[in-house]
Amino acid sequence: MKRIDAARAGAQKLMRAEAAIDAALRETAELMGLLPSLRLEANLSAVIGQDAVDDLGETLAHILSARRTIIRAHSSLQAVREQIGCRTVSVGEMDKPPDVPRTGGFHAVEGGRAA
């Protein structure tokens, strides 16, 4: 397998993993948002189901952690891609934000005021 083919296959799998995490985040957040409405419609005490709400909150925190970690892995894999001589690997149709140079402080904005 050529390096570019390996990089492309890895990028495709990474994008699917990122999408799966985002889907889990979306579904869990939607469930979390639905529960209070269901409770109110059923005229139930807020005490009922609180343990489930707490558990869903913890689940969301774990999914957010997974999302943060896979984004870090994405960055690490970009470095690997460059190390193996594959500067550009185009996969998918998603726009990515441009790399913003780190200045170590406030970023200048139009008009000369700091953000």
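- Both Leu64 and Ile21 belong to a single network of hydrophobic side chains, linked directly or stepwise wherever heavy atoms of I, L, V, M, F, W or Y lie under 4.5 Å apart.
- Rounding to the nearest 0.5 angstrom, the gap separating the NE2 atom in His62 from the CD atom in Glu58 is 4.0 Å.
- Ser76 places a side-chain N or O within donor-acceptor distance of the main-chain N or O of Arg72, the cut-off being under 3.5 Å.
- Within a 6.0 Å radius of CZ in Arg3, other residues, nucleotides and ligands contribute 12 heavy atoms or fewer.
- Of the inter-residue distances, the one linking Leu77 atom CG with His74 atom NE2 reads 7.5 Å to the nearest 0.5 angstrom.
- Going from atom CG of Leu25 over to atom CG of Leu60 covers 6.5 Å, rounded to the nearest 0.5 Å.
- Tracing side-chain contacts under 4.5 Å through hydrophobic residues (I, L, V, M, F, W, Y), one never reaches Met15 starting from Ile70; they form parts of separate clusters.
- Between Arg8 and Asp5 the shortest side-chain heavy-atom distance falls below 4.5 Å.
- The distance from atom CD of Gln50 to atom CG of Asp55, rounded to the nearest 0.5 Å, is 10.0 Å.
- Of the possible donor and acceptor atoms, one in the side chain of Thr69 sits under 3.5 Å from a partner among the backbone N and O of Ser65.
- Hydrophobic cluster membership for Leu44: Ile48 (Ile, Leu, Val, Met, Phe, Trp, Tyr linked by side-chain heavy atoms under 4.5 Å, directly or transitively).
- Taking CD1 of Ile63 as the start and OG1 of Thr28 as the end, the distance is 3.5 Å to the nearest 0.5 Å.
- Pairs passing the side chain to side chain donor-acceptor pair (under 3.5 Å) check and including a residue from residues 33-45, sequence neighbours excluded, do not occur.
- Contact check for Gln83 versus Val80: side-chain heavy atoms found under the 4.5 Å cut-off.
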